[in-house]
Amino acid sequence: MLTVIDLSNHQKGLNLASLHADAFMFKLTEGNYFEDTAAPDFIKQAKALKKPFGLYHFLDNSPVNEQVDFFLSYANPYIGEAILALDYEEYGRIGAQKAKEFLDLVYEKTKVKPLIYMNESDANNEDWSEVIQADYGLWVAKYSSNLPRLTQWPEYAMWQYTNTPYDTNFFYGDTFAWQKYAQIETKDSNIYHTKGTRFKVLKDLIVKADETFKKDTGMIFCQGTILDIKRICHTQTTTHGLIEYNHREVFITLHQDYVDKVE
């Protein structure tokens, strides 16, 4: 899990090295007219610190296609490196269909699947079924020590739990998982499931015992077995799911040829 701090022009001039953060999210643009002038310096600092970062666009009611083009005109140098996200709040709450239109256009133009940011109430009270089915990840805000309670979304990638002293988040993954969200999708990058909590085994699987995924346990899960995943683990080349079995932690591949997502 990574601690992520979200910054914008309101914190312009801040020294990122002074913050206890593993990664950052930076506001980049808003509507079809506003460039966040703090972003270039923040990006430069994050890269110098060798810390992952993401870039987000604040939605308003101007034409969605213009907003996408405006956002990408600034984001393009970082495509494949930065997580992309849509900030859906305040006057930008113009409906789930408009939000999906933005997400779809960004994906079409970049082959990167953006996250969508919203508060717990909006995540529960609007119909997000098409966004969820399209496999866009959720970045949810709930300023509380209690976890978000969601009625539609099966999971969330990141939780913004406080705005004191800065908007601070938990990202549920490591730096490899972060890069999975940021990467440009290709045929090869799509061969693993990167989200989900339950999977059905499609072929007999030999279980691996450690996170290097090189040591066989001798255990086999047969075709049709349903597996409950505690967390998804990424390496530079593979993606595996951590499960508990016979009082030990073991890993199974999440290759789409071997397992199918149930939930």
Side-chain angles (χ1 to χ4, degrees), residues 1-31 33-60 67 70-71 74-75 77-79 81-93 99 102-103 106 112 114-124 136-150 153 155-182:
M1 186 166 66
L2 305 179
T3 297
V4 183
I5 293 181
D6 166 11
L7 301 169
S8 69
N9 56 90
H10 297 294
Q11 294 84 34
K12 190 171 184 177
L14 186 65
N15 179 9
L16 300 192
S18 68
L19 303 178
H20 296 291
D22 302 305
F24 299 95
M25 293 295 296
F26 305 130
K27 181 177 181 179
L28 188 63
T29 51
E30 179 174 335
Y33 64 95
F34 178 79
E35 172 201 359
D36 195 305
T37 57
D41 177 60
F42 284 153
I43 294 169
K44 183 178 179 181
Q45 288 191 61
K47 289 168 74 71
L49 292 169
K50 300 188 184 312
K51 292 192 175 181
F53 65 94
L55 304 169
Y56 64 89
H57 174 85
F58 195 108
L59 192 68
D60 72 3
Q67 294 190 64
F70 186 69
F71 174 53
Y74 292 96
Y78 312 105
I79 299 301
E81 177 182 14
I83 283 180
L84 306 181
L86 174 63
D87 188 341
Y88 183 86
E89 60 178 316
E90 298 181 5
Y91 48 83
R93 294 164 58 245
F102 182 96
L103 298 169
V106 169
V112 175
L115 301 179
I116 182 168
Y117 169 93
M118 68 186 80
N119 63 39
E120 179 189 58
S121 176
D122 289 335
N124 288 335
Y136 293 111
L138 176 63
W139 172 15
V140 63
K142 179 183 182 179
Y143 299 151
S144 171
S145 58
N146 297 318
L147 292 169
R149 300 186 65 179
L150 302 175
W153 298 80
E155 59 192 359
Y156 46 91
M158 190 153 53
W159 168 33
Q160 189 171 105
Y161 64 90
T162 185
N163 60 355
T164 306
Y166 307 108
D167 291 346
T168 307
N169 313 263
F170 289 133
F171 173 78
Y172 291 94
D174 57 14
T175 54
F176 289 123
W178 185 281
Q179 188 55 41
K180 290 284 187 179
Y181 280 102

Under the salt bridge (charged side-chain N to carboxylate O under 4.0 Å, His left out) rule, what pairs show up with a residue in residues 6-28, not counting sequence neighbours?
K27-E30

State, yes or no, whether a side-chain contact exists between Y161 and S145 at a heavy-atom distance under 4.5 Å.
no

Could you list the residues that satisfy side-chain hydrogen bond (donor to acceptor under 3.5 Å, both in side chains) with D41, not counting sequence neighbours?
Q45

My understanding is that only residues two or more places apart in sequence, or in another chain, count here; which of them pass side-chain hydrogen bond (donor to acceptor under 3.5 Å, both in side chains) with N169?
W139, Q160

I'd like to know whether F171 forms a ring-ring contact (aromatic ring centres under 6.0 Å, His included) with Y181, so could you lay out the CA-CA distance, the side-chain angles of the two residues, the decisive distance to 0.1 Å, and finally the verdict.
CA-CA 11 Å; F171 173 78; Y181 280 102; 5.8 Å; yes

Quick one: list whatever passes salt bridge (charged side-chain N to carboxylate O under 4.0 Å, His left out) with D167, sequence neighbours left out.
none

Can you label the angle between the Y74 ring and the F70 ring as parallel, tilted or perpendicular, going by 30° and 60°?
perpendicular

Flag side-chain contact, heavy atom, 4.5 Å: E89 against N119:
no

Would you please indicate yes or no on a ring centroid separation below 6.0 angstrom for Y91 and F58?
yes

Quick one: sort the Y78 and F53 rings into parallel, tilted or perpendicular, breaks at 30° and 60°.
perpendicular

Going from OH on Y143 to CG on N146, what distance comes out if it is rounded to the nearest 0.5 angstrom?
15.5 Å

Applying side-chain contact (heavy atoms from CB on, under 4.5 Å) to A48 and not counting sequence neighbours gives none

Name all residues meeting the salt bridge (charged side-chain N to carboxylate O under 4.0 Å, His left out) criterion together with K51; count only those two or more places apart in sequence or in a different chain, and write none if there are none.
none

